2 protein chains.
Amino acid sequence: MIAQNQFATASNEIIANSVICHGHHVELKNQLFEISSLQEVRAKEVIFWEGDPSNYVYEVLEGVVLLYKLTPDGRRQITDFVYPGQPFGLGARGQHRYTAEAVTGARLCRYSHERLDQSMASFPALGHTFLEWTSNELAAAQDQMLLLGRKSAMEKISSFLLRLSERSDERHDDPLNLFVPMTRNDIGDYLGLTTETVSRTITLLDKMGVITRPDQHNIVIRDFDHLVDLADDDNDTW
Amino acid sequence: MIAQNQFATASNEIIANSVICHGHHVELKNQLFEISSLQEVRAKEVIFWEGDPSNYVYEVLEGVVLLYKLTPDGRRQITDFVYPGQPFGLGARGQHRYTAEAVTGARLCRYSHERLDQSMASFPALGHTFLEWTSNELAAAQDQMLLLGRKSAMEKISSFLLRLSERSDERHDDPLNLFVPMTRNDIGDYLGLTTETVSRTITLLDKMGVITRPDQHNIVIRDFDHLVDLADDDNDTW
DNA sequence: CGGGGGTTTGACTAGTATCAAGTGAGGTGG
DNA sequence: CCACCTCACTTGATACTAGTCAAACCCCCG
């Protein structure tokens with residue numbers, strides 16, 4: 001059984017190291033710590049649905065979470081993959097604007113919206129932090145709009161792999177190994193493609209010698225520079 | 001000649017009525033007013049380029065502004081059309097992440113970033129305002145991602161017209177007249193379509209009896225309910 | 001060893017882009 | 001005041017990318 005809402009002593013260290021707490025006064029840190037709680041979720045478990053009342057702001061401590069919206073007839077658009085150290089569920093006044101679901105098993109840190117507002121009142125620096133985060137999210141969303149509206153399948157997949165490589169804080173060895181926790185279907189719903197097109201494009205990159213695939217959830221970048229070219233320019237010579 | 005940076009007495013009233021000033025204490029209002037300046041731009045004039053150092057936050061007072069990003073080979077994605085009462089150029093720490101260009105002639109209100117930070121320090125309420133705006137922008141961006149990644153040309157155009165109709169604060173008469181200041185090309189670059197597809201789809205809506213087109217920049221919605229259906233469900237009976 | 005979910009591959013289709021030509025309206029200069 | 005020029009838009013024919021439908025594969029797990 002997975003414990004929810006627990007305040008186990010072992011968890012304190014993790015929460016204390018969360019990004020929301022980081023970089024603030026000791027006084028504020030303590031206050032934030034007090035209104036935080038740990039939540040653990042299994043792979044594919046829904047954390048909240050679009051339309052649910054929004055009571056918490058979340059931060060990923062371990063694992064990966066995906067955020068998505070649906071059309072009335074069930075087509076899905078994933079708007080973001082959230083990695084450790086990143087928050088989600090922020091801008092929602094009243095109710096959530098998207099569904100949040102765990103890709104892998106994950107540990108989350110929750111902060112009560114209501115009590116966060118109180119903290120913000122006494123510590124304006126906290127508001128700054130949130131504003132900066134939301135701004136970064138917005139900038140990322142605008143990049144994604146450019147990708148969705150104007151890039152080919154090959155450019156989309158290449159851009160996606162490059163973004164994954166930026167997140168892997170391992171040194172940029174060449175070849176570079178990427179862990180890809182999400183399914184081909186998830187990748188498709190993120191890039192505006194079908195599962196089949198994602199699969200075909202990845203296969204093509206393999207045949208071109210740009211990547212290799214040790215297994216489903218790992219991709220090795222063998223020719224980084226070529227991948228960079230493919231990410232922004234469809235008319236390469238392949 | 002267009003006056004820039006002017007502090008004409010006639011403009012004071014306009015700036016004082018801007019959204020940034022609205023809803024705040026008199027004291028803060030005065031402070032904001034002091035650091036604001038009016039800027040007028042002609043149609044198609046660039047206000048700032050992606051990569052430019054970001055010195056100001058802007059608010060549209062009159063007219064329409066569009067924001068866009070480019071791929072290295074020149075494909076364009078418009079991320080937003082900004083209408084009176086809406087800000088832009090906000091989240092940019094250091095340099096702008098997109099280009100801003102006037103669709104029509106426009107009047108803008110500028111606030112110095114630097115001095116805005118000072119004001120935020122003494123008036124936390126201002127930070128709240130900015131956070132709320134940025135959150136709204138983010139929510140809109142996520143809706144747009146769903147549109148770009150998962151909707152057909154007909155759904156995109158229909159959704160676009162419906163959004164325009166929400167902005168027109170005229171009462172919802174049926175038929176409802178929409179003023180469309182941007183070109184077909186702009187609409188295409190916003191929806192991830194070509195000029196030709198935009199034109200064809202609008203023509204089709206006309207032939208279906210859903211809209212009429214008095215002229216290039218005006219569209220009349222004749223069958224609002226049908227348009228709503230078309231916006232989310234491609235499999236209608238046309 | 002058998003079942004199921006995710007992935008890959010293949011054949012075919014459809015929707016939108018591309019290329020090209022023609023139309024219409026507003027602005028400018030003669 | 002009218003002719004012309006330009007730019008945006010429309011329309012048509014064709015190409016091509018990615019989607020759809022279908023089947024086979026693979027691996028993990030029971």
Side-chain angles (χ1 to χ4, degrees), chain A residues 42-44 66 71 73-77 103-105 147-158 160 180-208 211-219 230 233-236 238, chain B residues 42-44 66 71 73-77 103-105 147-158 160 180-208 211-219 230 233-236 238:
Chain A
R42 281 159 301 204
K44 303 200 174 181
L66 59 80
T71 59
D73 62 341
R75 283 167 286 172
R76 183 175 70 148
Q77 178 65 46
V103 176
T104 60
L147 179 147
L148 289 170
R150 289 299 180 214
K151 290 192 178 180
S152 69
M154 178 56 80
E155 292 173 314
K156 286 175 174 179
I157 295 289
S158 302
F160 175 68
V180 186
M182 60 291 283
T183 67
R184 301 290 186 257
N185 190 41
D186 289 340
I187 297 174
D189 283 350
Y190 181 54
L191 301 177
L193 299 170
T194 59
T195 309
E196 294 94 326
T197 300
V198 172
S199 176
R200 275 187 249 272
T201 308
I202 291 178
T203 300
L204 182 55
L205 280 171
D206 192 340
K207 284 180 181 156
M208 288 163 64
I211 62 169
T212 57
R213 289 169 291 169
D215 65 74
Q216 281 183 196
H217 290 293
N218 281 285
I219 290 183
L230 291 170
D233 180 22
D234 208 17
N235 307 323
D236 214 272
W238 41 276
Chain B
R42 281 160 301 203
K44 302 201 174 181
L66 60 80
T71 58
D73 62 340
R75 284 168 285 172
R76 184 175 69 149
Q77 178 65 46
V103 175
T104 60
L147 179 147
L148 289 170
R150 289 299 178 214
K151 291 192 178 180
S152 69
M154 179 56 80
E155 292 173 314
K156 286 175 175 180
I157 295 290
S158 301
F160 176 68
V180 186
M182 60 291 283
T183 67
R184 301 291 186 254
N185 190 42
D186 290 339
I187 297 174
D189 284 349
Y190 180 55
L191 301 178
L193 300 170
T194 58
T195 310
E196 293 94 326
T197 299
V198 172
S199 176
R200 275 187 249 271
T201 307
I202 290 178
T203 301
L204 182 54
L205 281 171
D206 192 340
K207 283 178 181 157
M208 289 164 63
I211 62 168
T212 56
R213 290 169 291 170
D215 64 75
Q216 283 183 196
H217 290 292
N218 282 286
I219 290 182
L230 291 170
D233 181 22
D234 207 16
N235 308 323
D236 216 272
W238 40 276

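Chain naming here is simple, since letters A, B, ... match the order of the sequence lines and numbering starts at 1 in each. Since this is a predicted model, take the numbers as computed values, not measurements.
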Any heavy-atom pair between the side chains of [Y] and [X] that's under 4.5 Å?
{"X": "Leu193(B)", "Y": "Thr201(B)", "answer": "no"}
{"X": "Leu148(A)", "Y": "Gln77(A)", "answer": "yes"}
{"X": "Leu230(A)", "Y": "Met208(A)", "answer": "yes"}

Whole Å only: how far is the [atom1] atom of [X] from the [atom2] atom of [N]?
{"X": "Arg76(A)", "N": "dG19(D)", "atom1": "CZ", "atom2": "P", "value": "15 Å"}
{"X": "Asp189(B)", "N": "dC9(D)", "atom1": "CG", "atom2": "C1'", "value": "15 Å"}
{"X": "Leu204(B)", "N": "dT10(D)", "atom1": "CG", "atom2": "C1'", "value": "14 Å"}
{"X": "Leu148(B)", "N": "dT16(C)", "atom1": "CG", "atom2": "P", "value": "13 Å"}
{"X": "Ile211(B)", "N": "dT10(D)", "atom1": "CD1", "atom2": "C1'", "value": "14 Å"}
{"X": "Gln216(B)", "N": "dT23(C)", "atom1": "CD", "atom2": "P", "value": "16 Å"}
{"X": "Met182(B)", "N": "dA8(D)", "atom1": "CE", "atom2": "C1'", "value": "15 Å"}
{"X": "Asp215(B)", "N": "dG26(C)", "atom1": "CG", "atom2": "C1'", "value": "12 Å"}

Side chain [X] and base [N] donor-acceptor under 3.5 Å:
{"X": "Arg200(B)", "N": "dG15(C)", "value": "no"}
{"X": "Arg150(A)", "N": "dT16(C)", "value": "no"}
{"X": "Arg184(A)", "N": "dG5(C)", "value": "no"}

Find the distance between OG1 (Thr195(B)) and CZ (Arg200(B)) and round it off to the nearest 0.5 Å.
10.5 Å

Atom OG1 of Thr212(A) and atom CG of Leu205(A): how far apart are they, to the nearest 0.5 Å?
11.5 Å

Looking at every strand, decide which applies to [X] at a 4.0 Å heavy-atom threshold: base, sugar-phosphate, or nothing.
{"X": "Asn185(B)", "answer": "sugar-phosphate"}
{"X": "Thr183(B)", "answer": "sugar-phosphate"}
{"X": "Gly192(B)", "answer": "sugar-phosphate"}

Of the candidate nucleotides [options], which contains the atom at the shortest distance from the side chain of [X]?
{"X": "Glu196(B)", "options": "dG12(D), dT9(C), dC9(D)", "answer": "dG12(D)"}
{"X": "Arg213(A)", "options": "dA18(D), dT8(C), dG19(D)", "answer": "dT8(C)"}
{"X": "Thr197(A)", "options": "dG6(C), dT9(C), dA18(D)", "answer": "dA18(D)"}
{"X": "Leu193(A)", "options": "dA18(D), dT7(C), dC19(C)", "answer": "dA18(D)"}
{"X": "Thr195(B)", "options": "dG19(D), dT11(D), dT10(D)", "answer": "dT10(D)"}
{"X": "His217(B)", "options": "dG19(D), dC9(D), dT10(D)", "answer": "dC9(D)"}

With DNA chain D as reference, determine whether Lys207(B) or Lys44(B) sits nearer its 5' end, using the nearest nucleotide of each.
Lys44(B)

Please tell me whether Thr183(A) and Asn185(A) have a donor and an acceptor in their side chains that are separated by less than 3.5 angstrom.
no

